[in-house]
Trainee: 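Supplied in structure tokens, the structure appears directly below.
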Amino acid sequence: GNGTETKENEDTKATPEKEEVTLKVASLIPPMTEILELVKPKLAEEGINLEMVVLGDNVQPNTALAAKEVDANFFQHVPYMEEFNRNNEAELVPIVPIYFANYGVYAKEFESMDELPEGAVIAIANDISNIDRSLALLAQHGVITLQEKTGPYYTKADITENPKNYKFEEVDLLMLARMYDDADAVVMTPAYASPLGLTPKSDALLTEGIENDFAITLIARKDNADWEPIQKLGEVMTSPEVRKFLEENYDETAIPAF
Amino acid sequence: MPAVLVQYEAEIWKAIIETFAMVGASIAAAVLIGLPVGTLLFLCRKGKILENQMVFSVLNLVVNIIRSFPFLLLVVFLIPFTRLIIGTAIGTAAATVPLSIIAIAHYSRLVEQSLLDVPKGVMEAAISMGASVKEVIFKFLYVEARSGLVLGLTTSIISFISYSTIMGVVGGGGIGDFAIRYGYQQFKTDLMIYMIIIMVILVQIIQFTGTTVSRLIDKR
Amino acid sequence: MPAVLVQYEAEIWKAIIETFAMVGASIAAAVLIGLPVGTLLFLCRKGKILENQMVFSVLNLVVNIIRSFPFLLLVVFLIPFTRLIIGTAIGTAAATVPLSIIAIAHYSRLVEQSLLDVPKGVMEAAISMGASVKEVIFKFLYVEARSGLVLGLTTSIISFISYSTIMGVVGGGGIGDFAIRYGYQQFKTDLMIYMIIIMVILVQIIQFTGTTVSRLIDKR
Amino acid sequence: MIKLHKVSKSFSQFQAIKSISLTINKGEIYGIIGTSGAGKSTLLRLMNLLEVPNEGDVEVNGQQLTKLTSKSLRQARQSIGMIFQHFNLVANKTVYDNVAVSLELAKIPKQERKNRVIECLQFVGLEKLLDKYPAELSGGQKQRVAIARALANRPEVLLCDEPTSSLDPNTTAEILGVLENVNKSLGVTIVIVSHEMEVIKSICNRVTVMADGEIHDTVCIEPAGIANISNSPNWFVEQLVKGGE
Amino acid sequence: MIKLHKVSKSFSQFQAIKSISLTINKGEIYGIIGTSGAGKSTLLRLMNLLEVPNEGDVEVNGQQLTKLTSKSLRQARQSIGMIFQHFNLVANKTVYDNVAVSLELAKIPKQERKNRVIECLQFVGLEKLLDKYPAELSGGQKQRVAIARALANRPEVLLCDEPTSSLDPNTTAEILGVLENVNKSLGVTIVIVSHEMEVIKSICNRVTVMADGEIHDTVCIEPAGIANISNSPNWFVEQLVKGGE
Ligand SMILES: Nc1ncnc2c1ncn2[C@@H]1O[C@H](COP(=O)(O)OP(=O)(O)OP(=O)(O)O)[C@@H](O)[C@H]1O
Ligand SMILES: Nc1ncnc2c1ncn2[C@@H]1O[C@H](COP(=O)(O)OP(=O)(O)OP(=O)(O)O)[C@@H](O)[C@H]1O
Ligand SMILES: [Mg+2]
Ligand SMILES: [Mg+2]
């Protein structure tokens, strides 16, 4: 697959049923990849060959999309996408939100937030939008107090009150789950918690619920957002099958956003 | 065969082939470009037959710059270049570009070092016989340093395998990435361990071959 | 000084110190453990004074296993061990553990190779004088191979710096991680470029020092 | 054939060669003798510019070596054979290949090369050791390979630094015979550095005595000829017993 | 002092030493002579077990070297000095350190060491080159460092492989004088491999002639004594002119 192929795709968009088109979608980990796998047969019926490109970090899927190497991606929430657009003069646009990854606070030794002792170490992800999200989650439940946002994100510098003197240790997103043994508490997405057998419903001390902007969203570019295969993809990803799949396999972990 | 291996058999084969492709390309780059670069680094040094402070400094700097980059950022920096020559910046083929660049920088240092261990007398014999630069290199330097060059390449290849495991970032795939994705991110520990065993076997074979070849061709 | 550097000055200094700490620890490990391991790999080979197929195979395998691991997975595998000796698995101190292990494996190979280039005659002289193993090593082998050992260490240190850039995954910090986090993930490209320039300068200084020292102590 | 004009060579502080001038004629066998450290090897190495003089000119075969481009210098060197004091064999090449390489450099076709290599190895009595590597040879055998290598591409000038230092009297006599032969039949100019009076006296026409980096004296002598020595171990016994009487 | 009993040594196919037995008495100066490749160096290297024999026993100073633990073998070797045919100096040690290292191994205290090193270097006439590295020495100077190194820790046995091959007649005479001196005054047993008849004849009591890996003959001789050679360059000129007459 390369750029020219993508262009051909665009040329053929008038007659998608007659010729098979290839739709390349970048993604990272389950359940994102599982949802894409699930809808693949349905798209095939429509003559759309869904090709999933699994990448290993959370910048490349956007870089690849902006460079037209893929036609869409599915791994991020809208604020993260906006940050990318701002910094890279890219024109990525949301197509449709799919699910809320119910961010939560987990602790191995403690049953509730109140038990967490003075000066406890809380591990959070080390990228700026997830730092923002982790702090926002804690602020939402009154664990800390944050001042008015100065930039697009909250940072540790925005903490005005931290009554129990928690220490925030920043580690790589992919490392969060490993920190469950090490830190007193970990703030992470269900995608990383589930391999540990943890679910937001039964194990999280705090969760962010669905009252937020952080739904994992199918993203495309401004120039192909209206392209029929993309729209089709959006449709099948918000179908009842996907809802059923999420509810059966990811109860409270990935809450459908459609 | 364990069930989990049967289940993922096709993907494992794919990963193995991807690793071979990426590492193979790096080896080719190391030999075809790294070897000449390392040789130039040696020959342009003070007191050597092509003594040239300019060329030495420039090559030295370029190699150092490549080696200074955090590998992840090198991959990112090279994206436009990769796209230029491969047509895309993601996938196994694209991953070979940054890997090859690293391979060149890595091996050229080891080549330089091996050549520095060639006894001066051999160089003198070559020069006194009126050997051209090309002849000095191929008929004397490489002959006398060959066991070190092979061992250095062996060490380098094993480093390339290690570097290839990071190429998942741009969708390069390979055994290492497979192990990271399934084992590390999805906690399929058994699968991860099998993948690591494959890596160990691969590395062990390469090291054994390298050690043996280098011993057989060392007549000093 | 550019505004962005002023703004992040404290953090940049912190990153520099973290890099020095991680790389310093790796250098210590390379010299204190990698050097002996490499020497043993050499001395236990066939025909050398401590010839011992068993010890050689075991060391060789262990070094290969360490070098086979995708670095990220090595970090994860070592977490229990790291926790045991450092008390925690995150932070700069914890990051030094996997880095040091890699450093040992990496440098020991280069040591082995350098020692293989010591002329047989020197070993014979040592043996004929009744030197003990320790004396053979310190009064002959290391003396004769010293320029190669220094160059090998230089190459290794630069690799350690490169490895240290991945240590962000366990909160190790350092310049490389700083560049990746701010520059790559937060798109502060200017900051990233400054960080890379710092890395290049650092690497250039190390390479220059290594090359110079190795040339000065090479009397062959 | 070889002209040195006020040539000097210093190693950092130490002046090893102090403004030496000398002329060696075509077809001569020229000896250089002197105590250890006098500067003999350095002088010889100046003649093919292995050591670059700090001052003065070196002329070989009508060419000012010091002024040649590197390409012409290479060509000039191809017609100057050299036997090193420490042999400088390529340890990873067999005896055959060590000799053959000088023919390869001279672009001699492969077929011809083979005959020539065998011929040269026969001169020095090593035709049976073709496939051995230097590490498997005795001291004298290594030295003979070095001699064969220097002779192989029929140089016009042969610079020999202690060419018989590791050889027993029989082999020495044989080698000197070979040198005399190439000198007589092919007109090769030969410069021999040696500390063995016997060697110098037996084949040289002119001899320079060096001391402390300078020419002490140059004398013309009539070569005494090479003693005819039998090749059997009994010869050693006879010599020993003769001496014991 | 040294007893070889039916010692054989093969290199892959090639049998370099064929079941040799010999006895060297304490205080002897013993010569070994023979053509290039006869097996002289190999025989000498068997005497301190640098080459391990395929068959036979090696006894030095009453100890069966072939049966010693590696620790005792090391100790035994400390009293066996060796001068190598190719010197085997440590290129990264200065002249001083090359000599001093054998004293370090023998655990001689530092103060004493220094005097001893200087003394040995004076024996071989190199006291001025203390700080040079081997690469900066002439062939003969290297050889003399090797000799000084072997003498330094006053060994009981001295194995010399062509110890004067790179030395001019004057220096050779001086070195032989030193060897004779340590033999006479300290009772050091000396084994000399040499291809120079003169050398062997001037100081050896007994000489073995080797051929093809076997002992051809062993003869007792009366050492002829070391010729008294003047140390001036004029000596060379006189010798040359004398020869020319
Ligand atoms: N490591 C080796 N491998 C194979 N053959 C060897 C080896 N060492 C020596 N030889 C062979 O053994 C024979 C005896 O060698 P040695 O060095 O003892 O000769 P030598 O009498 O000392 O001769 P020279 O006077 O030329 O030094 C030679 O023919 C040589 O080719
Ligand atoms: N690379 C060098 N650096 C410093 N000094 C050197 C170097 N090469 C030679 N010398 C010195 O120059 C002098 C002459 O050396 P040269 O090798 O020419 O002596 P030589 O006459 O060949 O002696 P020999 O008969 O012992 O080989 C010696 O005193 C030596 O120490
Ligand atoms: Mg000399
Ligand atoms: Mg010998």
Side-chain angles (χ1 to χ4, degrees), chain B residues 45-46 60-61 63-65 67-73 76-77 102 106 109-110 112-114 116-120 145 147-148 151-152 154-155 158-159 161-166 174-177 179-180 183-184 192 195-204 206-208 211 214-215 218 220, chain C residues 45-46 60-61 63-65 67-73 76-77 102 106 109-110 112-114 116-120 145 147-148 151-152 154-155 158-159 161-166 174-177 179-180 183-184 192 195-204 206-208 211 214-215 218 220:
Chain B
R45 273 185 170 227
K46 197 148 166 282
N60 195 43
L61 182 65
V63 169
N64 282 348
I65 290 180
R67 308 244 303 132
S68 312
F69 262 83
F71 188 52
L72 180 64
L73 294 188
V76 175
F77 253 63
I102 271 284
H106 196 273
R109 280 283 174 233
L110 298 187
E112 182 190 16
Q113 190 182 336
S114 275
L116 279 168
D117 280 331
V118 172
K120 275 191 192 141
S147 61
L151 269 191
T154 308
T155 302
I158 294 172
S159 291
I161 295 183
S162 159
Y163 281 119
S164 79
T165 63
I166 312 179
I175 316 172
D177 181 50
I180 292 173
Y184 172 59
M192 170 165 80
M195 288 309 104
I196 289 174
I197 290 173
I198 293 179
M199 299 273 285
V200 171
I201 292 172
L202 186 64
V203 166
Q204 190 78 355
I206 290 169
Q207 184 71 47
F208 178 79
T211 308
S214 110
R215 203 182 56 232
D218 188 1
R220 295 172 300 175
Chain C
R45 272 183 171 227
K46 199 150 163 279
N60 194 42
L61 182 64
V63 169
N64 282 348
I65 289 179
R67 309 243 305 134
S68 311
F69 261 83
F71 187 54
L72 186 61
L73 293 188
V76 175
F77 252 65
I102 271 282
H106 197 272
R109 280 282 174 234
L110 297 187
E112 182 190 17
Q113 190 182 335
S114 274
L116 280 167
D117 279 331
V118 172
K120 274 191 192 140
S147 61
L151 268 191
T154 308
T155 303
I158 294 172
S159 291
I161 294 182
S162 159
Y163 281 118
S164 79
T165 63
I166 312 178
I175 316 172
D177 181 50
I180 292 172
Y184 174 58
M192 170 163 78
M195 289 308 103
I196 289 174
I197 290 174
I198 293 179
M199 299 273 286
V200 170
I201 292 172
L202 186 63
V203 166
Q204 190 78 356
I206 291 169
Q207 183 71 47
F208 178 78
T211 307
S214 110
R215 203 183 55 232
D218 188 0
R220 296 172 300 176

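The chains referred to below are lettered A, B, ... by the order of the sequence lines, with proteins before strands, and numbering in each begins at 1.
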Trainee: Using 0.5 Å steps for rounding, measure from the CD1 atom of B:Ile65 to the CE atom of C:Met199.
Mentor: 12.5 Å
Trainee: A side-chain contact here means heavy atoms from C-beta on lying under 4.5 Å apart; do B:Arg67 and C:Thr155 qualify?
Mentor: yes
Trainee: Using non-hydrogen atoms and a 4.5 Å limit, figure out which bit of B:Leu116 sits close to chain C: side chain, backbone, both or neither.
Mentor: both
Trainee: Can you tell which part of B:Leu61 gets under 4.5 Å to a heavy atom of chain C, answering side chain, backbone, both or neither?
Mentor: both
Trainee: Quick one: which of B:Gln113, B:Lys46, B:Arg45 has the most heavy-atom pairs under 4.5 Å with chain C, could you say?
Mentor: B:Gln113
Trainee: Ignoring hydrogens, what is the shortest heavy-atom contact between B:Phe77 and C:Ile196? Give both atom names and the distance.
Mentor: CE1-CD1, 4.1 Å
Trainee: Is the shortest side-chain heavy-atom distance between C:Val63 and B:Gln207 below 4.5 Å?
Mentor: no
Trainee: Name the region of B:Tyr163, side chain, backbone, both or neither, that has any atom closer than 4.5 Å to a heavy atom of chain C.
Mentor: side chain
Trainee: Kindly assign one of parallel, tilted or perpendicular to the pair B:His106 and C:His106, based on the angle between their ring planes and the thresholds 30° and 60°.
Mentor: perpendicular
Trainee: Using heavy-atom distances under 4.5 Å, tell me whether C:Arg220 contacts chain B through its side chain, its backbone, both, or neither.
Mentor: both
Trainee: Need one label for B:Leu72: side chain, backbone, both or neither, based on atoms under 4.5 Å from any heavy atom in chain C.
Mentor: side chain
Trainee: Return the option, out of B:Ser147, B:Ala145, B:Ser159, with the maximum number of heavy-atom pairs under 4.5 Å with chain C.
Mentor: B:Ser159
Trainee: Do you know which two heavy atoms are closest between C:Asn64 and B:Val203, and how far apart they sit?
Mentor: O-CG1, 3.7 Å
Trainee: Select one option (side chain, backbone, both, neither) describing which atoms of C:Val76 are under 4.5 Å from chain B's heavy atoms.
Mentor: side chain
Trainee: Counting only non-hydrogen atoms closer than 4.5 Å, does B:Met195 touch chain C with its backbone (N, CA, C, O), its side chain (CB onward), both, or neither?
Mentor: neither
Trainee: Taking the side chain as every heavy atom from C-beta outward, state whether C:Ile166 and B:Ile166 have any atom pair closer than 4.5 Å.
Mentor: yes
Trainee: Which heavy atom of C:Pro70 sits nearest a heavy atom of B:Gly176, and at what distance?
Mentor: CG-CA, 3.9 Å
Trainee: I need the C:Leu151 CG to B:Arg109 CZ distance, nearest 0.5 Å.
Mentor: 8.5 Å
Trainee: Do you know which of B:Leu73, B:Thr211, B:Ile175, B:Thr154 has the most heavy-atom pairs under 4.5 Å to chain C?
Mentor: B:Leu73
Trainee: What part of B:Ser68 is in contact with chain C, defined as an atom under 4.5 angstrom from a non-hydrogen atom: side chain, backbone, both or neither?
Mentor: both
Trainee: Picking from C:Ile197, C:Asp177, C:Ile198, C:Val200, which has the most non-hydrogen pairs under 4.5 angstrom with chain B?
Mentor: C:Val200
